[in-house]
Protein chains: 2
Amino acid sequence: MKIDDTDRKILISLQRDAAQSLDEIAREVGSSKTPVWNRIRKMREAGIIGAQTVILDAEALGFEATFFVLIRTSEHEADWQQKFLAALRARPEVQEAHRLAGDIDYILKVRVENARAYDVFYQALISEVKVHNVTALLSMEEIKATTALPL
Amino acid sequence: MKIDDTDRKILISLQRDAAQSLDEIAREVGSSKTPVWNRIRKMREAGIIGAQTVILDAEALGFEATFFVLIRTSEHEADWQQKFLAALRARPEVQEAHRLAGDIDYILKVRVENARAYDVFYQALISEVKVHNVTALLSMEEIKATTALPL
DNA sequence: GCTGAAAGCTATTACGC
DNA sequence: GCGTAATAGCTTTCAGC
């Protein structure tokens with residue numbers, strides 16, 4: 001599916017505020033309700049527009065510690081990897097997980113109540129799957145956090 | 001502000017799908033429209049519930065490269081830091097930025113079209129502010145990505 | 001603090017250009 | 001493919017319990 005300039009404007013607007021009415025979006029992109037609605041529907045069907053969610057205040061809800069976890073492993077068999085990925089997907093503390101190119105094999109972003117909760121998570125993970133080397137980076141300050149793509 | 005069990009259920013439901021109607025949420029949490037609406041309003045006012053957004057398919061929109069950037073700096077004066085933070089906040093490719101404890105000073109998550117676009121970003125950043133050491137980790141596979149807190 | 005109903009918007013569809 | 005207009009459904013407010 002190809003995206004034109006109006007679609008792009010709609011996406012920018014939706015990323016900023018998905019709670020807006022169609023009229024507001026239409027006014028912003030210089031169109032009117034029906035075409036905007038049809039474009040949104042098409043992009044939803046094409047999977048370009050995914051879930052609609054709400055950003056919560058992590059600190060206010062007691063999640064005061066964010067760790068970035070760098071993982072090196074000696075195991076590279078398909079079997080081990082399946083198990084590892086399943087473990088990551090099953091743990092709600094893991095907000096992000098990426099397989100990397102190069103020296104470090106995986107990076108995780110883990111959101112927990114405090115350092116103690118991170119240790120519980122860490123112990124549980126390494127008892128489930130064997131990893132060679134783990135480095136945890138503790139966030140002192142969240143400078144920026146957005147899900148918006150630089151459209 | 002303190003959150004009770006019903007509030008928590010509402011937040012879980014909203015994180016999963018913020019486009020649901022109040023009736024659906026009310027049914028899910030075992031309450032009805034008005035009380036759910038009042039709770040959501042209060043949590044919005046308290047800042048617990050923040051922006052409502054839409055998750056877009058990065059690959060479909062041409063953002064095919066994600067980098068995690070580890071930064072060490074020799075500069076730790078307030079002046080330098082202000083300039084660095086302002087630079088990060090101003091760049092839309094930077095989706096996340098954290099100041100860290102320990103050896104590595106900052107971590108960024110940068111979303112760009114391709115490796116060439118990353119280099120453009122990198123050159124621009126280091127020409128703006130002096131950093132001592134930069135390591136870029138390239139994501140090969142996004143295993144998991146969620147903004148949901150483990151409520 | 002809940003329920004139920006009224007009022008005002010908004011999404012969604014149908015129709016004409 | 002766009003805009004206008006009608007309808008159906010939703011959010012938001014409010015009165016009564």
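Just so we're clear, the structure is a prediction, and the values are computed from it rather than from any experiment. Here is the naming used below: chain letters follow the sequence lines, and residue numbers restart at 1 for every chain.
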B:Asp105 side-chain N/O to B:Thr73 backbone N/O, donor-acceptor pair under 3.5 Å: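 Side chain of B:Asp105 to backbone of B:Thr73, a donor-acceptor pair under 3.5 Å: yes, one is there.
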[X] has an atom [atom1]; how far is it from atom [atom2] of [N], in whole Å?
X: A:Asp5; N: D:dG1; atom1: CG; atom2: C1'; result: 17 Å
X: B:Lys42; N: D:dT12; atom1: NZ; atom2: P; result: 16 Å
X: A:Gln52; N: D:dC10; atom1: CD; atom2: P; result: 15 Å
X: B:Asp23; N: D:dA8; atom1: CG; atom2: C1'; result: 14 Å
X: B:Asp17; N: D:dC10; atom1: CG; atom2: C1'; result: 15 Å
X: B:Ile40; N: D:dT13; atom1: CD1; atom2: C1'; result: 15 Å
X: A:Asn38; N: C:dA14; atom1: CG; atom2: C1'; result: 12 Å
X: B:Ile25; N: D:dC10; atom1: CD1; atom2: P; result: 12 Å

Within-4.5 Å side-chain heavy-atom neighbours: A:Leu61 and A:Leu56: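 Yes, side chains in contact.
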Check: B:Arg72 and B:Val131 side chains under 4.5 Å, non-hydrogen atoms: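 Answer no - side chains too far apart.
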Starting the side chain at C-beta, find the nucleotide from [options] nearest to [X].
X: B:Trp37; options: D:dT13, D:dG3, C:dA11; value: D:dT13
X: B:Pro35; options: C:dT13, D:dC2, C:dT3; value: C:dT3
X: A:Lys33; options: D:dT13, C:dA11, D:dG3; value: C:dA11
X: A:Ser32; options: D:dT12, C:dT10, D:dT4; value: D:dT4

Apply side-chain contact (heavy atoms from CB on, under 4.5 Å) to the pair A:Met1 and A:Glu45, showing each step before the final yes or no. CA-CA 10 Å; A:Met1 182 184 172; A:Glu45 281 165 10; over 6 Å; no
Just checking B:Lys83: does its NZ atom have more than 12 heavy atoms from other residues, nucleotides or ligands closer to it than 6.0 angstrom?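 Atom NZ in B:Lys83 is not crowded, with 12 or fewer foreign heavy atoms closer than 6.0 Å.
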Scan [X] against the nucleic acid and name what it touches under 4.0 Å (heavy atoms): base, sugar-phosphate only, or nothing.
X: A:Ser31; answer: sugar-phosphate
X: B:Thr34; answer: base
X: B:Glu24; answer: nothing
X: A:Arg39; answer: sugar-phosphate

